[in-house]
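A short write-up of the structure that comes next.
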Amino acid sequence: MFSKVFIIALASSPLVSAHGKIAAIQGDAGGNTTGIGIQGGVVPGAGPNSKTEVDTTVFNSVKAQSNGLGKTTGQGKNTLDMVSAAQDLSGGGDLPQVSSSGNGSLSGVYHIVTTDGAGPLKAVLDTTGTGNFADGTMMDVATQVPGTFGEISPNGKSVLRRALESMGVIAKRAANVNKDFPVAVSVPAGTTCTGTVNGQSNVCLAKIANSNPAGPFGGVVAFQMASDGTATAVGSGSADTTAAATASSATAVSAKADKAGKKAGKKARQFAA
């Protein structure tokens, strides 16, 4: 009974709005990207929710294996066309390249924006590259983001925050966290990608999101299997990427975004006004 009341209260409350997002992702065989819909450095890290949340993705269902690419408040419904913008924010190189040896992985930075955009995360593989996650394969999250049922306290300690304070009444809006955490997802051996995105073939999609009923929140990234031979790897990485290394990657993405996102900045500021 408690869980049902809690979920209904979260879903119906006009105060519920918070996010976590995929700031940077690289493949174990090279290449890098960011979550689609991300606007980068034009979106502030700390500050009012109306300004910090505009480029974080919200999905329609708490069930990880559900279709769709999600949406953001700043740009509306996410589309596959946004993969190109994600690559521009990541330096314009290749999509993440994942080895098919059985040790292939995607690793990088998950940015918790506010207190109910936390972990644990789930990851789903769509080999068609279309957003058909309902028929996708669950992947192991090898490096997990902290959190309890998608909640975390502002200081980063994993707790169930925003619990019912008065017989099912939510007390207040989620608070800003503005913290980066490493995340890594293991890609199954023998994965074959069949999608075509922005003229690139052999593309897969990975949905990485929490299951907080206030959202859920997370993001979608595009990648290729290195064995497909469709692109030349531009870097290297592993599932053991340290928090320092991944944070550095996120900083680089934001630096690119400061230059590439001037036009998007105007839209973001108009939304926040």
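Residue indices begin at 1 and follow the sequence shown.
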[atom1]/[X] to [atom2]/[Y] distance, rounded to the nearest 0.5 angstrom?
{"X": "H19", "Y": "N210", "atom1": "NE2", "atom2": "CG", "value": "10.5 Å"}
{"X": "N176", "Y": "N49", "atom1": "CG", "atom2": "CG", "value": "6.5 Å"}
{"X": "K122", "Y": "D140", "atom1": "NZ", "atom2": "CG", "value": "13.0 Å"}
{"X": "Y110", "Y": "F217", "atom1": "OH", "atom2": "CZ", "value": "8.5 Å"}
{"X": "M225", "Y": "S101", "atom1": "CE", "atom2": "OG", "value": "8.0 Å"}

Decide whether [X] and [Y] meet the rule of one side-chain donor and one side-chain acceptor closer than 3.5 Å.
{"X": "H111", "Y": "N178", "value": "yes"}
{"X": "T128", "Y": "T130", "value": "yes"}
{"X": "T33", "Y": "Q87", "value": "yes"}
{"X": "S99", "Y": "D28", "value": "yes"}
{"X": "T57", "Y": "N78", "value": "yes"}

Minimum heavy-atom separation for [X] and [Y], please, with both atom names.
{"X": "P96", "Y": "G27", "value": "CB-N, 3.5 Å"}
{"X": "C204", "Y": "T191", "value": "SG-CG2, 4.0 Å"}
{"X": "I38", "Y": "G40", "value": "CG2-N, 3.3 Å"}

What residues form a side-chain contact (heavy atoms from CB on, under 4.5 Å) with [X], not counting sequence neighbours?
{"X": "N198", "answer": "D81, V83, S84"}
{"X": "N67", "answer": "N132, A134"}
{"X": "A85", "answer": "none"}
{"X": "S211", "answer": "none"}

Under the rule for salt bridge (charged side-chain N to carboxylate O under 4.0 Å, His left out), what residues qualify as partners of D126, not counting sequence neighbours?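 Listed in chain order: nothing, the list is empty.
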
Check for a donor-acceptor pair, side chain of [X] on one end and backbone N or O of [Y] on the other, with a separation under 3.5 Å.
{"X": "Q97", "Y": "L95", "value": "yes"}
{"X": "Q65", "Y": "T137", "value": "no"}
{"X": "E53", "Y": "G20", "value": "no"}
{"X": "N32", "Y": "Q26", "value": "no"}

Let me check something: do V141 and I152 share a hydrophobic cluster, defined by ILVMFWY side-chain heavy atoms less than 4.5 Å apart, either directly or through other members? yes

Going by side-chain hydrogen bond (donor to acceptor under 3.5 Å, both in side chains), name the residues that satisfy it together with S66, two or more places apart in sequence or in a different chain.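 Once residues adjacent in sequence are excluded, the partners of S66 under the side-chain hydrogen bond (donor to acceptor under 3.5 Å, both in side chains) criterion are K207.
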
According to side-chain hydrogen bond (donor to acceptor under 3.5 Å, both in side chains), who are the partners of T72, at least two apart in sequence or on a separate chain? none

Out of L125, L80, T127, which one pairs with L205 under the side chain to side chain contact (heavy atoms under 4.5 Å, CB included) rule?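 Among L125, L80, T127, the one meeting side chain to side chain contact (heavy atoms under 4.5 Å, CB included) with L205 is L80.
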
Do T143 and V183 pass the side-chain contact (heavy atoms from CB on, under 4.5 Å) test, and can you show the C-alpha distance, the side-chain angles, and the key distance before you say yes or no? CA-CA 5 Å; T143 301; V183 63; 5.5 Å; no

